[in-house]
Amino acid sequence: MRFRFDRVDVEGPWCLTKITPEDHKMLIRKLRDFESMTVNQIFHERTANSGLGSDYSNMEECPNRDATRRLTELGYDAIDGLSRLSLGGKPRLYGIRNQNEFSILWWDPEHQIWPAPKKHT
């Protein structure tokens with residue numbers, strides 16, 4: 001995996017500049033770990049790594065309308081989907097993935113952008 005910062009949102013609600021020093025340290029470590037992995041290991045293998053990465057191919061299914069509005073504000077409303085990296089616990093990193101390149105877009109420390117449906121409700 002390669003990481004790009006060409007699309008990072010520096011003003012919105014999930015702005016990467018709002019990260020705490022502790023989370024910043026954790027994020028750098030996780031990005032280092034992801035760089036040593038293949039796309040298949042992160043997004044496709046169903047092993048101990050399962051759940052590290054997900055691709056969301058239909059933005060109309062995004063449960064957080066603020067996220068889709070923010071994409072429009074940024075001029076990215078024409079994209080088909082987002083990808084996310086799970087960083088352990090709630091924190092997620094969202095971006096636009098093109099094969100092995102992940103253009104970082106949002107830092108989501110509370111798992112608000114595309115929360116998983118609650119189980120047994």
Side-chain angles (χ1 to χ4, degrees):
M1 284 295 297
R2 290 182 50 184
F3 296 98
R4 298 177 54 125
F5 291 84
D6 57 330
R7 295 183 181 212
V8 70
D9 184 359
V10 294
E11 296 177 7
W14 304 287
C15 174
L16 191 56
T17 62
K18 295 179 181 178
I19 194 167
T20 66
E22 296 81 21
D23 284 341
H24 186 243
K25 185 187 287 187
M26 177 270 299
L27 177 60
I28 296 299
R29 285 183 178 144
K30 293 287 186 174
L31 291 177
R32 178 191 61 198
D33 294 344
F34 284 129
E35 276 192 328
S36 70
M37 301 171 77
T38 66
V39 171
N40 191 49
Q41 289 172 314
I42 297 168
F43 287 94
H44 305 295
E45 281 186 8
R46 297 294 169 213
T47 63
N49 295 331
S50 186
L52 288 178
S54 289
D55 292 313
Y56 302 107
S57 60
N58 185 353
M59 288 307 299
E60 290 182 16
E61 294 176 1
C62 182
N64 187 328
R65 291 291 142 216
D66 291 336
T68 55
R69 276 191 289 278
R70 184 63 185 154
L71 284 174
T72 298
E73 291 169 8
L74 293 169
Y76 300 144
D77 50 322
I79 67 163
D80 295 328
L82 288 177
S83 295
R84 73 110 177 105
L85 296 171
S86 178
L87 305 172
K90 288 183 180 180
R92 304 288 194 269
L93 194 64
Y94 283 84
I96 300 166
R97 185 169 74 86
N98 183 11
Q99 297 180 4
N100 71 321
E101 289 189 343
F102 188 95
S103 291
I104 296 169
L105 183 61
W106 292 322
W107 162 249
D108 182 11
E110 296 298 322
H111 195 193
Q112 298 172 331
I113 294 171
W114 208 304
K118 296 189 186 227
K119 295 179 181 177
H120 312 293
T121 59

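What's counted below: heavy atoms across the whole structure, side chains too, no hydrogens, waters or symmetry copies. None of the values given here were measured: they were computed from a predicted structure.
- Side-chain contact between Leu87 and Asp23: absent, with no pair of heavy atoms (C-beta onward) separated by less than 4.5 Å.
- Trp114 and Asn58 get closest at one heavy-atom pair: CH2-O, 3.5 Å.
- Between Arg29 atom CZ and Met26 atom CE the span is 10.0 Å, to the nearest 0.5 Å.
- By the rule that hydrophobic residues join a cluster once side-chain heavy atoms approach within less than 4.5 Å of another member, Tyr76 and Ile113 end up as members of one cluster.
- Between the side chain of Asn64 and the backbone N or O of Gln112 there is at least one donor-acceptor pair closer than 3.5 Å.
- Atoms CD1 and CG, on Ile96 and Leu71 in that order, are 7.0 Å from each other to the nearest 0.5 Å.
- Between Thr68 and Cys62, the closest heavy-atom pair is CG2-CB, 4.0 Å.
- Between the CD1 atom in Ile42 and the CZ atom in Arg97 there is a gap of 8.5 Å [rounded to 0.5 Å].
- A 4.5 Å side-chain heavy-atom check between Trp14 and Tyr94 finds every atom pair outside the cut-off.
- For Arg69 and Asp66, the salt-bridge test passes: some basic side-chain N is under 4.0 Å from an acidic carboxylate O.
- Here Met1 contributes atom CE and Phe102 contributes atom CZ; the two are 6.5 Å apart, rounded to the nearest 0.5 Å.
- Within the model, atoms CH2 of Trp106 and CG of Leu93 stand 11.5 Å from one another, a figure rounded to the nearest 0.5 Å.
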Query raised in the report: Yes or no on side chain to side chain contact (heavy atoms under 4.5 Å, CB included) for Glu11 and Arg70, after CA distance, side-chain angles and deciding distance?
Result: CA-CA 10 Å; Glu11 296 177 7; Arg70 184 63 185 154; 3.9 Å; yes

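- The distance from atom CZ of Phe3 to atom CG of Asn100, rounded to the nearest 0.5 Å, is 10.0 Å.
- Here the side chain of Arg92 pairs a donor or acceptor atom with the backbone of Lys90 at under 3.5 angstrom.
- Hydrophobic cluster membership for Ile28: none, as no Ile, Leu, Val, Met, Phe, Trp or Tyr side chain comes under 4.5 Å of it.
- The minimum heavy-atom distance between Met59 and Ile79, with the atom names listed, is CG-O, 4.2 Å.
- The residues Glu22 and Lys25 are annotated as not salt-bridged, no charged nitrogen and carboxylate oxygen being separated by less than 4.0 angstrom.
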Query raised in the report: What do the steps show when you test Phe43 against Ser83 for side chain to side chain contact (heavy atoms under 4.5 Å, CB included), and what is the final call?
Result: CA-CA 9 Å; Phe43 287 94; Ser83 295; 4.2 Å; yes

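- Checked by atom type and distance alone, the side chain of Gln41 pairs as donor or acceptor with a backbone atom of Thr38 at under 3.5 Å.
- In the displayed structure, His111 atom NE2 is contacted under 6.0 Å by more than 12 heavy atoms of other residues, nucleotides or ligands.
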